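The structure appears right after this line, and notes come after that.
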Protein chains: 2
Amino acid sequence: MENGRANMKPVTGTSQVTCTAPVNIAVIKYWGKRDERLVLPINPSLSVTLSQDQLCARTTVAASLDFKKDRIWLNGQEQSIDAPRLQKCLGEIRRLARKRKHEEERMGDLLGCCVHICSENNFPTAAGLASSAAGYACLVQSLAKLFHIDGDVSHIARQGSGSACRSMYGGFVEWTMGKMEDGSDSIAKQIAPADHWPELRVLVVVVNAGKKAVGSTEGMQTTVKTSALIKYRAEHVVPSRQEEMRQAVLERDFQTFGEITMKDSNQFHATCLDTYPPIFYLNETSKHIIHLVHRYNQHHGKIRAAYTFDAGPNAVLYLLQEDLPEVLALFHHFFPATTNNSERQFVRGLPDVQRKELSADLLDSVGLEPSPGSVQYIIHTKAGEDPQVLTDPQQALLDENGLPKKQT
Amino acid sequence: MENGRANMKPVTGTSQVTCTAPVNIAVIKYWGKRDERLVLPINPSLSVTLSQDQLCARTTVAASLDFKKDRIWLNGQEQSIDAPRLQKCLGEIRRLARKRKHEEERMGDLLGCCVHICSENNFPTAAGLASSAAGYACLVQSLAKLFHIDGDVSHIARQGSGSACRSMYGGFVEWTMGKMEDGSDSIAKQIAPADHWPELRVLVVVVNAGKKAVGSTEGMQTTVKTSALIKYRAEHVVPSRQEEMRQAVLERDFQTFGEITMKDSNQFHATCLDTYPPIFYLNETSKHIIHLVHRYNQHHGKIRAAYTFDAGPNAVLYLLQEDLPEVLALFHHFFPATTNNSERQFVRGLPDVQRKELSADLLDSVGLEPSPGSVQYIIHTKAGEDPQVLTDPQQALLDENGLPKKQT
């Protein structure tokens, strides 16, 4: 882990920090806030932070006395800096920085500076992955480095986007619910590092989706307001699941890990359906993937793959390395690429795709009609590290004047 | 209501009874048994019995000393008489008949007779409607008449198929959960007759479905065994909903009736999704219908139509007569018939289809792409009466020898 500030210039010019931050995929789902303003959840959650080799946000923040106002560019477009969540993060970082100013010589004039922020994802937003988690984690990490704030800032990332707090740590991470009114104990904690379970693999299955469904902020508000089941889930189901899941991770118990992962994904989507009006995130392809996974596991008499779905139709599968060839072969068979999503790029992030011959028995057990083109592509990845500081100025997104570099 | 026994012959020959029985559509759903053998539910439920003009089962039962064994024909095919649910109903009827024999001269030698049973539905089983409810209600009603059993026999129908007990009464019917170990208090009761709410209309929307999903008997077993939410639903959500719904029916309060109907359908499907492995009954067309209904209601600022779905993708809509032209026009617009399901037969059971011009505003509010052919046809119907005895021998399904008549 690189925590250096090698690219920090003296404050008399422009101070600049560039970071990357990871996506995380929850296995115990966060759905529902008890405090909208502070982004405090109604239940704890648990996730796996994914490697930044495949999926990450990158953010450069710069501070200068020459800047006239705070500005932000997202994926190449300047956006309003007034978005409340963004203001909250900026405000909290500056508040912390002020508190620490007397301890820190190096803070200099930073607190008098405006900041420029430039951020992008290395994956299409259309992929429907939790881009806001990586994005806010990256923003908060970059700002914390810029303002010389050490220690946990996951409670600040949380106020940008709830699940962003989990992207502040690598490996296996839990977000505690917390009890304090100010939310200061609702933070992320690593329960095991990324290399704790090296055999664990992740497949992000990007499904061909129709139009965008209900956004998660609005969706979870409506669920909390209208679902008769969500409160029971939060109070009576999740707490024990969270404990079991933590134990399963610590013991690398894939059977328990997989079963709870699938059950919790299904229960989250069940509460969406119990919302009024109901919210549907799973589409027909999602259902086929669920069917495929259960039949595959049933065929082998044990859990070899586990699915989970966030607020969209894309599946994320957890599996062990040894089963990767067979699972990939199943996807090639039942969700074959079409000319539009050509074979070559169908599986990404896996240099040599070994593929296993599928037995007629197994194909028969699955019993699905192949559905060409319904899966766009698959990203192969695994658990990964926490946000990283990039020291190579080439990798910064802002130039020396604090403006977005021209796209190359 | 015709309760005569006009077609009863003296027992020295063949005694024969023919009945029809209705379908019922629950607005508070039954899903889950606390006793598999006695078919005792984990929660009360409430339904509307539909008119037999459109949908019914018809059953002829005959008893004769000449019959060598009990036999049954369903929809033209002889079936095994040994099916446990069937045996249960036959056994219970004979047990009751034996108990009453000393009181009744007319019982004669009936108890020594074997019976022949012939049953059919006037609607395609493929329609995925609750054919077993109508079927078992019809069987039990016919046998009760044949064996001269008066009084409530809904507890016997219940043991054939849970929801069949509700088809023993017309109008608005509740199935009480009961507390007795022998299930004798888990019976159906009419809360209001069919003519209580004459403006109420029912549209059965038959959706083009793929393969048959998990059957309801197996499905509810798995839900009770694996869903963390079903117990909470049964114990803490349904009881108060049942009361509210009963009140809404008594007051003809369509706003409350519609809202609870939709919420309870969604919650039933939510518990299916919370089942492990999850069960999906709704398909993309079902979801489009749900979307259509909510947008339509939102457009008008009140509930004008309410959907409910049983263990399959077909929708049943409740609405008031005055809104029928607009709702039908919406279905014509968004789910137009194709040449395969030609316009002429698209809406059934409605002699003159008035259709309303749809405003551009409303079409815009709904915001769906029309989906030709995804709805096969729509049956227009309303609340209807309890099982009926048919006195015209022409309408019997068995001939004078107690064998199925040749199909004409």
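Chain letters run A, B, ... following the sequence lines, proteins first and then strands; every chain starts at 1. Please read these numbers as outputs of a predicted model, since none were measured by experiment.
- A heavy-atom distance below 4.5 Å is found between the side chains of A/E259 and B/Y276.
- Between atom CG of residue A/D274 and atom NZ of residue B/K263 there is a gap of 9.0 Å, rounded to the nearest 0.5 Å.
- Atom OG1 of B/T271 and atom CD of A/Q267 lie 11.0 Å apart (nearest 0.5 Å).
- To the nearest 0.5 Å, atom NE2 of residue B/H236 and atom NZ of residue A/K231 are 11.0 Å apart.
- The shortest non-hydrogen separation linking A/K287 to B/N283 is NZ-CA, 3.9 Å.
- Residues forming a ring pair (Phe, Tyr, Trp, His ring centres under 6.0 Å) with A/H300 (at least two apart in sequence, or on another chain): A/Y296.
- Residues A/Y307 and B/P278 come closest through the heavy atom pair OH-CD, 3.5 Å.
- Per-residue heavy-atom pair counts under 4.5 Å with chain A were compared for B/N266, B/I290, B/L282, and the maximum is reached by B/N266.
- Under the side chain to side chain donor-acceptor pair (under 3.5 Å) criterion, the residue pairs touching residues 360-369 of chain A are A/H299-A/S365, with sequence neighbours excluded.
- Under the side chain to side chain contact (heavy atoms under 4.5 Å, CB included) test applied with A/P277, the options B/R295, B/H291, B/H294 reduce to a single match, B/H294.
- Here the closest heavy-atom approach between residue A/L273 and residue B/A270 is recorded as CD2-N, 3.8 Å.
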